[in-house]
Amino acid sequence: MPYTFFLKKHSWAGQAVSAGAGAGLLQKLGRVLREKAATDLERITKGTSRTREKLGVVDELFSYWTLEDSEDTLEQLEDLLITADFGPKTALKVVDAIRDDIRSGRVKTRNDVRARLKQSIVDVLTVSGKSSDLEFPDAKPAVLLIVGVNGGGKTTTIGKLAHKYGSEGVKVLLVAGDTFRAAAAEQLAGWAERSKAQLLSATNLKQRPDSLMYSAVDQAMREGTDLVICDTSGRLHTNIGLMEELAKCKRSIGKRLPGAPHEVLLILDGTTGLNMLNQAREFNETVQLTGLVLTKLDGTARGGAVVSVVDELRLPIKFVGVGETVEDLQPFQAEAFVDALFPEN
Ligand SMILES: Nc1nc2c(ncn2[C@@H]2O[C@H](COP(=O)(O)OP(=O)(O)O)[C@@H](O)[C@H]2O)c(=O)[nH]1
Ligand SMILES: [Mg+2]
């Protein structure tokens, strides 16, 4: 694997961070994450096996490639991409890009078409004008709101983020906004302890998550905390009442600190198929997402579906989860992801 390529190509640490005292620390963290990303490539490759098996047929298809029959091949390719969860619109877009290049003479050989396919997917995954880094503001604290359906990996991702930032000396406060289940606060408390982050959880059963988040931001402002990460209850994107509650949480954070939350990240379970798209639409509508985190890429992930989410909502994937321990979070890198789906033999 050309690890150095990824290190050179991506400026994880460089772009986004401009927070006053926190900036240096957060940039340093970026470097740590980037180095880690290289060594974990293998895990994504292992985890996306289900999608890759489906896409393995693509190479078979290309083995019969002739320029004269390219239209046939492209139609079959479109079908294959749809089977691999890309969704019809995105599959068509990817194939159209190749078609254009065949017409203009830029794509001629089997190798050309394969390379163009990969590039075409990388292009979809690279959201122009949006950083795949966390975008921290000048304001202190930076506030992240983490949302998603039940079991997607919200709390685990928060634990991993707390660990990464905490181990670099960033002062982190975790907010147990999943007030529905007592076990949820306990789970977050465990992560707080492991990552030596502070924790704020409801003191009584009546406390609503929006008021808890208001208090958390208030506390962070008073205590000079760098980063506040708010956990939320998992909710079905179809549950209007709960979705409205999420909007309230967001407003209440902004009431205490205008401009916050600075990032609203949707956690997507990498093993779900196209239902991801419906989830993403609804959450985006309710709380205006700033980015995505794709979890469980070490499992039987169906990576294809996320391509259509990025394509439709133009939201960058900021991180991928590749396991259950604190170390298993890495910044998203489109080239690496696509290489995992279409490995070079
Ligand atoms: N294999 C794997 N499991 C994960 C990953 N992220 C979360 N999980 C597991 O998924 C389950 C649900 O995670 P949790 O964080 O509680 O989800 P939440 O309901 O969204 O907060 C737990 O068993 C986690 O250990 C990941 O990247 N890889
Ligand atoms: Mg949770």
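Since the model is a prediction, treat every value here as computed from it, not as a measurement. Heavy-atom basis, side chains included; hydrogens, waters and symmetry copies ignored. Ligands are counted one by one from 1 in listed order, and the atoms in each one are counted from 1 as well.
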May I ask you to check whether Gly153 has an N/O atom sitting below 3.5 Å from an N/O atom of ligand 1?
yes

Does the Thr272 side chain pair with the main chain of Leu268, one donor and one acceptor, at a distance under 3.5 Å?
no

Has Thr155 got an N/O/S atom less than 2.8 Å from the Mg ion (ligand 2)?
yes

Going by the side-chain contact (heavy atoms from CB on, under 4.5 Å) test, name the single residue among Leu294, Ile121, Leu125, Leu315 that passes it with Val310.
Leu125

Check each atom of ligand 1 against the heavy atoms of Gly321 and keep those under 4.0 Å away; list them by number with element.
27 (O)

Tell me whether Gly323 reaches ligand 1 (any heavy atom closer than 4.0 angstrom to a ligand atom).
yes

Atom 12 (C) of ligand 1: of Ala184, Gly151, Gly234, the nearest heavy atom sits on Gly151

Gln187, any N or O under 3.5 Å of ligand 1 N or O
yes

Between Arg181 and Glu186, is the closest basic N to carboxylate O distance under 4.0 Å?
no

State the atoms of ligand 1, each with its element, that fall below the 4.0 Å cut-off from a heavy-atom position in Lys296.
2 (C), 3 (N), 4 (C), 5 (C), 8 (N), 10 (O), 26 (C), 27 (O), 28 (N)

Where does Arg181 meet ligand 1, judged by heavy-atom distances below 4.0 Å: at the side chain, the backbone, both, or neither?
neither

Is there a polar contact, in the sense of an N or O pair closer than 3.5 Å, between Asp328 and ligand 1?
no

Flag the pair Lys93 and Asp96 as a salt bridge only when some basic side-chain nitrogen lies within less than 4.0 angstrom of an acidic carboxylate oxygen.
no

Quick check: are there more than 12 heavy atoms from other residues, nucleotides or ligands sitting under 6.0 Å from CG of Leu67?
yes

Strictly below 4.0 Å, N to O, side chains only: are Asp210 and Lys248 in salt-bridge contact?
no

Which atoms from ligand 1 have a heavy atom of Glu324 less than 4.0 Å away?
1 (N), 2 (C), 3 (N), 4 (C), 9 (C), 23 (O), 24 (C), 25 (O)

Between Asp231, Thr156, Val149, flag the one that comes closest to atom 14 (P) of ligand 1 by a heavy atom.
Thr156

If I apply the N/O under 3.5 Å rule, does Lys154 come out as touching ligand 1?
yes

Ligand 1 to Val322, heavy atom cutoff 4.0 Å, flagged ligand atoms 27 (O)

Inspect the contact between Lys118 and Glu335 and indicate whether a charged nitrogen and a carboxylate oxygen are less than 4.0 angstrom apart.
no

Tell me, which protein residue and heavy-atom name are nearest atom 1 (N) of ligand 1, and how many Å apart are they?
Asp298 OD2, 2.8 Å

Can you tell whether the side chains of Asp112 and Arg116 come within less than 4.0 Å, N to carboxylate O?
no

